[in-house]
Amino acid sequence: MTTKRQIKRLLIVNRGEIAIRVIRACKEMGITSVALFSEPDRTSLHVQAADEAYPLDGVSAKESYLNQEKILRIAEQAQVDALHPGYGFLSENGSFVERVEQAGFLFVGPSSRAIRAMGDKTSARRIAKSLGIPIVEGTIEPLNSEREGVEIASKIGFPVLIKAAAGGGGKGMRVVQSVEEFSSSFRMAQSEARNAFDDDRVYVEKYVQNPRHVEIQILGDHYGHVIHLGERECSIQRRHQKVIEESPSPIVDDKLRRAMGEAAVMAAKEAGYSNAGTIEFLVDANRNFYFLEMNTRLQVEHPVTEWVTGIDLVKAQLQIAMGEPLPWKQEDIRFTGHALESRIYAEDPRNNFFPSTGTLHIYTTPEGPRVRVDNGFRKGDLISIHYDPLLAKVVTFGSSRHEAIETMKRALSEFIVGGVRTTIPFCEFVLSHEEFRAGSFDTHFVSRTFSASELDRAEQGLLLPAIVASVLLKTSQGSILPQLNHVEKGSHSLWKKRREETYRPS
């Protein structure tokens with residue numbers, strides 16, 4: 001029997017925009033928010049937004065946001081009631097969650113048992129297979145050795161995917177085309193998984209050609225009630241990481257949504273799952289779906305579901321953690337309009353989306369009707385090499401998919417960043433492409449259609465605004481800005497407005 005407990009003080013075990021997102025929910029629910037910060041994040045936006053903040057005294061993720069000892073010590077020191085992991089870092093680490101539970105804190109997420117059952121990708125595949133849910137061919141146990149992996153991959157047939165067992169988000173994932181590539185890909189996948197999740201276990205599955213990536217959002221309480229909140233289309237990806245997501249999916253009709261939703265709910269119930277989670281599927285050209293994995297946490301792209309359902313997922317997470325029953329039945333869930341999310345990364349699309357570091361000399365986010373920006377940074381912040389380069393998420397809503405796309409195009413044209421390269425031009429390329437607008441794309445859209453030359457053509461008209469910005473915009477000390485690494489985006493009218501504001505008499 002679950003005992004209801006109030007959360008009065010919440011420790012947020014994360015950084016950037018997701019930490020700010022949780023802080024905002026805390027403010028609306030009367031919960032004291034407690035932040036953590038590494039040395040590079042000492043003056044970051046999430047530290048300023050929280051009610052309290054404690055140092056982790058480290059630089060790398062391993063020294064700071066993955067350091068379980070430090071985090072639990074701060075939880076005791078700050079006398080919090082619960083911990084919220086956000087996504088990434090320790091959000092799907094069953095051992096950490098078990099330590100949180102043993103220390104007497106609430107964990108805003110599933111139990112350690114459920115994470116081990118579903119957050120571990122190989123365990124989740126076993127459960128799906130036992131329920132008769134179709135899965136992609138591959139192993140249902142982590143690989144014991146590189147040699148075993150080669151033997152299994154050869155049996156399945158190349159190409160294959162090597163994937164991290166303990167996490168998602170494209171981390172610890174490598175496509176392997178041949179036996180000759182397996183050894184180096186195996187080691188790289190293990191290393192990346194270790195750095196991202198503190199767990200280097202990997203497994204192998206068949207690489208499915210030209211699928212759609214569609215996921216189902218679920219919510220479950222501690223009393224066995226589980227519902228789904230529809231699907232998100234996540235097929236626009238680079239390096240197996242999502243860049244643009246939307247809800248509903250252009251290829252999902254009511255019949256497919258019902259079938260996928262029922263499969264997701266069945267898997268979650270089998271694992272005794274509570275809180276927010278996402279079941280990810282691959283969908284082929286004939287609309288057959290295959291279980292891929294479960295993310296036992298809040299997803300980066302959760303805002304699109306919030307907009308089409310009207311349900312605040314972070315507040316729901318907190319209420320479930322406090323022992324409240326779900327206030328909705330499946331028949332209560334209604335979907336309205338269309339929502340779209342563009343992830344704005346500090347990455348160079350011209351250089352295979354390589355991370356771009358530097359100081360944000362200019363940083364102006366969009367506003368206006370039907371626009372939501374989940375932002376983690378501000379002008380003057382340093383974008384370092386140590387963490388995920390996600391700057392912000394721009395989310396738009398429309399009565400139709402067309403309106404949501406056009407609103408997104410307008411919003412991205414208002415997003416101005418100086419100092420680092422970003423994925424803004426890439427997102428604009430996608431939004432204008434006929435395949436995307438027709439809804440006829442798949443997970444290979446980027447590799448098939450995108451090249452650096454596409455951005456060069458699109459940005460020829462932006463040279464003058466960039467030069468004007470580098471000359472006219474000044475630092476708070478009054479000196480001319482140092483040489484900018486890059487300026488994007490903004491129209492001439494926006495630069496004119498900025499210039500007028502700069503020289504307006506005080």
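Computed from heavy atoms alone, side chains included, the values below leave out hydrogens, waters and symmetry copies. These figures come from a predicted structure and were not determined experimentally.
In plain terms, the two heavy atoms of Val59 and Ser64 that are nearest each other are O-OG, 4.2 Å. The heavy-atom pair separating Val308 from Gly337 by the smallest distance is CG1-O, 3.9 Å. Contact between Phe289 and Ala263 at its shortest, heavy atoms only, is CE1-CB, 4.1 Å. Residue Gly358 comes nearest to Val420 through the heavy atom pair N-CG1, 3.7 Å, listed as atom of the first residue, atom of the second, then distance. Here the shortest heavy-atom pairing between Val252 and Glu231 reads CB-OE2, 3.6 Å. Looking at every heavy atom in both residues, His338 comes nearest to Pro248 through CE1-O, 3.0 Å.
Both the sub-6.0 Å distance and the 45° axial angle are not jointly satisfied by Arg448 relative to the ring of Phe441. Remark: Arg421 is not positioned above the aromatic ring of Tyr345, lacking an NZ or CZ atom under 6.0 angstrom from the ring centre and at most 45 degrees off the axis.
For the atom pair CG of Asn295 and CZ of Arg297, the computed distance is 4.0 Å after rounding to the nearest 0.5 Å. Separation of atoms CE (Met294) and CD (Glu92) is listed at 9.0 Å; rounding is to 0.5 Å. Atom-to-atom distance recorded for Ile251:CD1 and Arg287:CZ is 6.5 Å, nearest 0.5 angstrom. In this structure, the separation between OG1 on Thr365 and CG on Leu412 is 11.5 Å, given to the nearest 0.5 Å. Between Met408 atom CE and Ser413 atom OG the span is 11.5 Å, to the nearest 0.5 Å. In this structure, the separation between CD on Gln299 and OH on Tyr87 is 10.0 Å, given to the nearest 0.5 Å.
Under the 3.5 Å distance criterion, with hydrogens and angles disregarded, a donor-acceptor pair is assigned to the side chains of Asn275 and Gln317. Of the N and O atoms on the side chains of Tyr363 and Asn375, at least one donor lies less than 3.5 Å from an acceptor on the other residue.
Legend: residues meeting salt bridge (charged side-chain N to carboxylate O under 4.0 Å, His left out) with Glu181, ordered by chain and number and at least two apart, are absent.
Judged by distance alone, the side chain of Gln217 and the main-chain N or O of Gly277 form a donor-acceptor pair under 3.5 Å. No side-chain donor-acceptor contact under 3.5 Å links Arg343 to the backbone of Val243. A donor-acceptor pair under 3.5 Å is absent between the side-chain atoms of Glu403 and the main chain of Phe397, judged by distance alone. Listed for the His46 side chain is a donor-acceptor partner under 3.5 Å among the backbone atoms of Leu36. Side-chain atoms of Glu63 come within 3.5 Å of backbone atoms of Ser60 as a donor-acceptor pair (strictly under, hydrogens ignored). Judged purely by atom type and a 3.5 angstrom limit, Asp41 has no side-chain atom pairing as donor or acceptor with the backbone of Ser44. With Asp199 contributing its side chain and Arg201 its backbone, the two residues share a donor-acceptor pair below 3.5 Å. Counting only distance, with no hydrogens or angles, the side chain of Glu137 and the backbone of Glu205 share no donor-acceptor pair below 3.5 Å. Using a distance-only test at 3.5 Å, with no hydrogens or angles considered, a donor-acceptor pair links the side chain of Ser91 to the main chain of Gly88.
Ring geometry for Phe281 against Phe291 counts as perpendicular: the plane angle is over 60°, on a 0 to 90° scale with 30° as the lower cut. Aromatic ring orientation, Phe353 versus Phe426: perpendicular (interplanar angle above 60°, classes split at 30° and 60°).
Residues Arg212 and Asp442 form a side-chain contact, since some pair of their non-hydrogen atoms from C-beta on lies under 4.5 Å apart. Inter-residue side-chain proximity for Ile20 and Asp374 is flagged as unmet; no heavy-atom pair is nearer than 4.5 Å. Using a 4.5 Å cut-off on side-chain heavy atoms (C-beta onward), Thr305 and Arg232 make contact. Proximity of Leu431 to Phe436: side-chain heavy atoms (C-beta onward) are separated by under 4.5 Å at one or more points. Using a 4.5 Å heavy-atom threshold, the side chains of Val300 and Lys393 count as touching. Within the 4.5 Å cutoff, the side chain of Arg401 has no heavy atoms near those of the Glu406 side chain. The shortest distance between side-chain heavy atoms of Ser38 and Tyr65 falls below 4.5 Å. At least one side-chain heavy atom of Thr407 sits under 4.5 Å from a side-chain heavy atom of Val371.
Salt bridge Asp381/Lys379: absent, no basic N to carboxylate O contact under 4.0 Å. In summary, Arg410 and Glu414 engage in a salt bridge, as defined by a charged side-chain N under 4.0 Å from a carboxylate O. A salt bridge does not link Asp120 to Arg125: none of the charged side-chain nitrogens sits closer than 4.0 Å to a carboxylate oxygen.
Test Glu341, Glu233, Glu215 against Lys242 for side chain to side chain donor-acceptor pair (under 3.5 Å) and you get one pass: Glu215.
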